[in-house]
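Here is the structure we will look at.
Sequence lines set the chain letters: A, B, ... in the order given, protein chains first and strands last, and positions in each chain run from 1.
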Protein chains: 4
Amino acid sequence: MLTCRLAKTQSTNMQSLAKQIATTAVDPARRRDRAAREQALILAATKLFASHGYEATTTREIGARAGCSEGLIHRYFKGKEGLLLAVMSSHISRRVLELREHLPFSASLEEEIRQLMSWEVDRMWEDRDFLRLTVQRAMLDPKIARFARLEGPTRLAKAIAERLRHHRNHHVLDDEDIETASNAISALCFVFGFMRPAVLGYHRKESKRVAVNVAKIIARGLQLT
Amino acid sequence: MLTCRLAKTQSTNMQSLAKQIATTAVDPARRRDRAAREQALILAATKLFASHGYEATTTREIGARAGCSEGLIHRYFKGKEGLLLAVMSSHISRRVLELREHLPFSASLEEEIRQLMSWEVDRMWEDRDFLRLTVQRAMLDPKIARFARLEGPTRLAKAIAERLRHHRNHHVLDDEDIETASNAISALCFVFGFMRPAVLGYHRKESKRVAVNVAKIIARGLQLT
Amino acid sequence: MLTCRLAKTQSTNMQSLAKQIATTAVDPARRRDRAAREQALILAATKLFASHGYEATTTREIGARAGCSEGLIHRYFKGKEGLLLAVMSSHISRRVLELREHLPFSASLEEEIRQLMSWEVDRMWEDRDFLRLTVQRAMLDPKIARFARLEGPTRLAKAIAERLRHHRNHHVLDDEDIETASNAISALCFVFGFMRPAVLGYHRKESKRVAVNVAKIIARGLQLT
Amino acid sequence: MLTCRLAKTQSTNMQSLAKQIATTAVDPARRRDRAAREQALILAATKLFASHGYEATTTREIGARAGCSEGLIHRYFKGKEGLLLAVMSSHISRRVLELREHLPFSASLEEEIRQLMSWEVDRMWEDRDFLRLTVQRAMLDPKIARFARLEGPTRLAKAIAERLRHHRNHHVLDDEDIETASNAISALCFVFGFMRPAVLGYHRKESKRVAVNVAKIIARGLQLT
DNA sequence: GATGAATGAGCCTTCATTCAT
DNA sequence: AATGAATGAAGGCTCATTCAT
């Protein structure tokens, strides 16, 4: 027996149905794959929370977009808020990859800063869905704010500072300069990599171009003491 | 003052507004009452929207905080969304005051940039309620995003550029440097004046100190060509 | 304009509508009469809780039966449970009328007991909706159980004892006999006036006949010491 | 033992049962497992239905308390309601043991009645879980009400009457007196053995003491004609 | 005009039941 | 045969909005 489920955007249902019958004759919607389903829900929630906001997103929408039942959200994550937490945790755990592992050191300080900003601006853009969500929630929930502060700017600034320190030999860089520059770079990447292109609708290429130019100014400013 | 209301289903605002002014010849006491109540509602909404988010704020809360009836929101602003628009319009109209009117030119470029950043960081903090609301809505509504882009970074960067150009005589500043620096300063003020202290919970004084230090680096970077 | 509401069991809507237009042209469902509406909700809830049980009764049903919106239950009574409490309180306050005010003393002890049981059995029947609800809830909630104990058997037994004491002159009735008889009468009225006819479906007349016969036996049992 | 299941849409139970027994020749160990699990489910359900009510009890709770899977309820009993019926049937079949088998006749009428009430009050207390459930359901379902009436008061009153008739030799007891007294005793045992201690929270000992005192009054009332 | 009582659409959540494993 | 993952139909409740007063 085959319980036929009617998807709203059913285009080539016939084909998939045929295939289904041929291979397993099992309703794929009911196949058990908890891990995959959890992931689908987290992904759907990330997108929807980011674009409509947390409050305006309904659990029905999330279920629909993830291609599974609404009730699963409550079974797996203990409700909508639990899903939000899962979304955030999930992202963090995937972001353990650090600057140091993905970016070779540059010969010159100027090239180093340019490279850092270029890479980080792209990374911000990639993370735009998650950043949108984080910024939104951080505005409403001090808990999230604290988490965002530590996971975001603070962590990034430290990583940047670490790299800048490698160029101390050739330049006179005191600790304060390094700290200041690191925080500035972190802030600029956030604005030119995320806020401007992903929130305010600036042209992405243009935004990045400005960022790279700023890198030059900062590099020059640091070299001159 | 003119609180411009932007309803979606509204074509010629000018006409209806003119008509309104022409015909409504109610006694001035009443008008004052109404104006006061509108202002109270707008103020209450600004605070609540900023702290709880737009969706999570109920019209009843707004009415209660403004000390008047819930129904008035619909009579005056045609619903919750209308009130949101009024909130944004109201703020803009009060922010016509420009940099040039409040800030004397400085003798040196370094002092100029330091002064600009210091002043603008404070201004961002003052406007934090409005900025929070704007950022939130800009993330969800492209219309608001466009408005925020033009009213915010673009406008600010132009104002900053104008001031930097005054120092061309003493320094070799090409147009691109000026544009880059202006945008960088604008971005840094947003982060160190608003995002960090008002959203992420950084200590305000500390945040501003970093900003002022960055000013120095940028000034040096510009002077060296 | 006339917002026509479609009742499910609309029989003679035409008539009522015509009448409406003729007299006030005001949707009667929206007329403001909070007291009446609260009463209607309490009444509807009493009936439905009694017949379907508390859990199985939906707030929607209650609203429909009371002829008003579901949301009112939450506005007036702070939810379904609040309505339950209101139902119980409401009944108590109407039951201040005591035995003494409605029943003249009888000449003989036998007649007194017969009269007491007859009257109380009828009263139990009248209160059957409320009793059903009380018994149901008392089984699940110790708070309600305590309330039911004090408001029910304990109070009733005291009132009965008071009346029996009036016949001490003619009979040798010690305190224990009076207490025992009072409690027995109270218990028998509960069973023959409520449990048997209203819960178990015994024929009501027959049930009462047995009760009255028991009265005789008890009266004889008391007279003989 | 045969747990008779009363499904609404079920015609010839006997046939299907017979067939079941005939065909299912599974190994005895398995059968024992199943029987044990059924019993565990019935026991768990009795407790939970009695304490939380039928509606408020979830099948998951029952499964958990019985130490087996939720789905078994549907496999064994065809759903939650089927389990309820099984619970009731199961109890009845264990209650075939009658007064006569457990209680010797007394010499005097007074002693007989005292003994009857004492025994039956204790029995009601033992059965409190089942009685709670029965009373609850009888209030909502006429079918259960009918069943409860016949299995409960009617059956009990008959058994009591039978015993009282043994004392006719020494006392003038007409049929009506016997019927009246039997029903009264049955009712009093229900109240003093179950309703008061198990539902309303009266102290159990005290409740029984009153019952025994009532026995005396009734006995005296019967002896005097 | 101002008020707040009333509405009803829709949200999050629960749970009996089904069914792939 | 047993499990528990998955479903979907409600249920209680909230809230923007309407409208009698």
Q. Do any side-chain nitrogens or oxygens of D:Tyr76 fall under 4.0 Å of OP1 or OP2 in F:dA2?
A. yes
Q: Please determine, for the side chain of D:Ser69, which listed nucleotide (E:dG8, F:dC13, F:dT3) has the closest atom?
A: F:dT3
Name every donor-acceptor pair, under 3.5 Å, that has one atom in a side chain of residues 40-50 of chain D and the other anywhere in the protein, sequence neighbours excluded.
residue	atom	partner	partner atom	Å
D:Thr46	OG1	D:Ile42	O	2.7
D:Lys47	NZ	D:Asp129	OD2	2.7

Q. Nearest 0.5 Å, what's the CD-CZ distance between B:Gln39 and B:Arg34?
A. 12.5 Å
(Q) Whole angstroms only, please: what is the NE2-C1' distance between C:His74 and E:dA9? (A) 15 Å
Q) What is the distance, rounded to the nearest whole Å, between atom CD1 of A:Ile73 and atom C1' of E:dC11? A) 12 Å
Q.
As an exercise, state the distance from CD of D:Glu38 to OG of D:Ser90, rounded to the nearest 0.5 Å.
A. 10.0 Å
(Q) Set out, in order, the CA-CA distance, both residues' side-chain angles and the distance that settles side-chain contact (heavy atoms from CB on, under 4.5 Å) for B:Leu85 and B:Met88, then state yes or no. (A) CA-CA 5 Å; B:Leu85 295 173; B:Met88 311 216 72; 5.6 Å; no
(Q) Using whole Å, what does the distance between atom C1' of nucleotide F:dT14 and atom CZ of C:Arg60 come to? (A) 13 Å
Q: With the side chain of B:Arg75 defined as its heavy atoms from C-beta on, choose the nearest nucleotide among F:dG12, E:dG1, F:dA16.
A: E:dG1
Q. In terms of the nearest nucleotide of DNA chain E, which residue is placed more toward the 5' end: A:Gly71 or B:Gly71?
A. B:Gly71
Q. Between E:dT7 atom C1' and C:Leu41 atom CG, what is the distance in whole Å?
A. 13 Å
Q) Can you check whether A:Arg37 has a side-chain N or O nearer than 4.0 Å to OP1 or OP2 of F:dT7? A) yes
(Q) Between P on F:dG12 and CG on C:Leu48, what's the gap in Å once rounded to a whole number? (A) 12 Å
Q | For atom CD of B:Glu61 and atom P of F:dA16, their distance in whole Å | A | 9 Å
Q. Heavy atoms under 4.0 Å, any strand shown: does A:Thr59 hit a base, just sugar-phosphate, or nothing?
A. base
Q | Watson-Crick and G-U pairing of DNA chain F written in dot-bracket, each distance under 3.5 angstrom, with | for inter-strand partners | A | .||||||||||||||||||||
Q) Just how far, in rounded Å, is C1' of F:dG11 from CD1 of C:Ile62? A) 12 Å
(Q) From CG of D:Leu84 over to C1' of E:dA16, roughly how many Å is that when rounded to an integer? (A) 14 Å
Q | NZ-CD distance between C:Lys80 and C:Glu55, expressed to the nearest 0.5 angstrom | A | 6.0 Å
Q: Scan B:Gly63 against the nucleic acid and name what it touches under 4.0 Å (heavy atoms): base, sugar-phosphate only, or nothing.
A: nothing
Q) Looking at CG of B:Leu83 and CG of B:Leu72, how far apart are the two atoms once the value is rounded to the nearest 0.5 Å? A) 11.0 Å
Q: Using heavy atoms to find the nearest nucleotide of DNA chain F for D:Leu72 and B:Lys80 separately, return the residue whose nucleotide is more 5′.
A: D:Leu72
Q. How far does CZ of C:Phe77 sit from OG1 of C:Thr59, to the nearest 0.5 angstrom?
A. 13.0 Å
Q: Find which nucleotide of DNA chain F each of D:Cys68 and C:Lys78 is nearest to by heavy atoms, and output the residue with the more 5' nucleotide.
A: D:Cys68
Q. How long is the gap from CD on D:Gln136 to OH on D:Tyr54, to the nearest 0.5 Å?
A. 12.0 Å
Q.
Taking atom types as they are modelled, would you say the side chain of C:Glu70 forms a donor-acceptor pair with the base of F:dC13 within the 3.5 Å cutoff?
A. yes
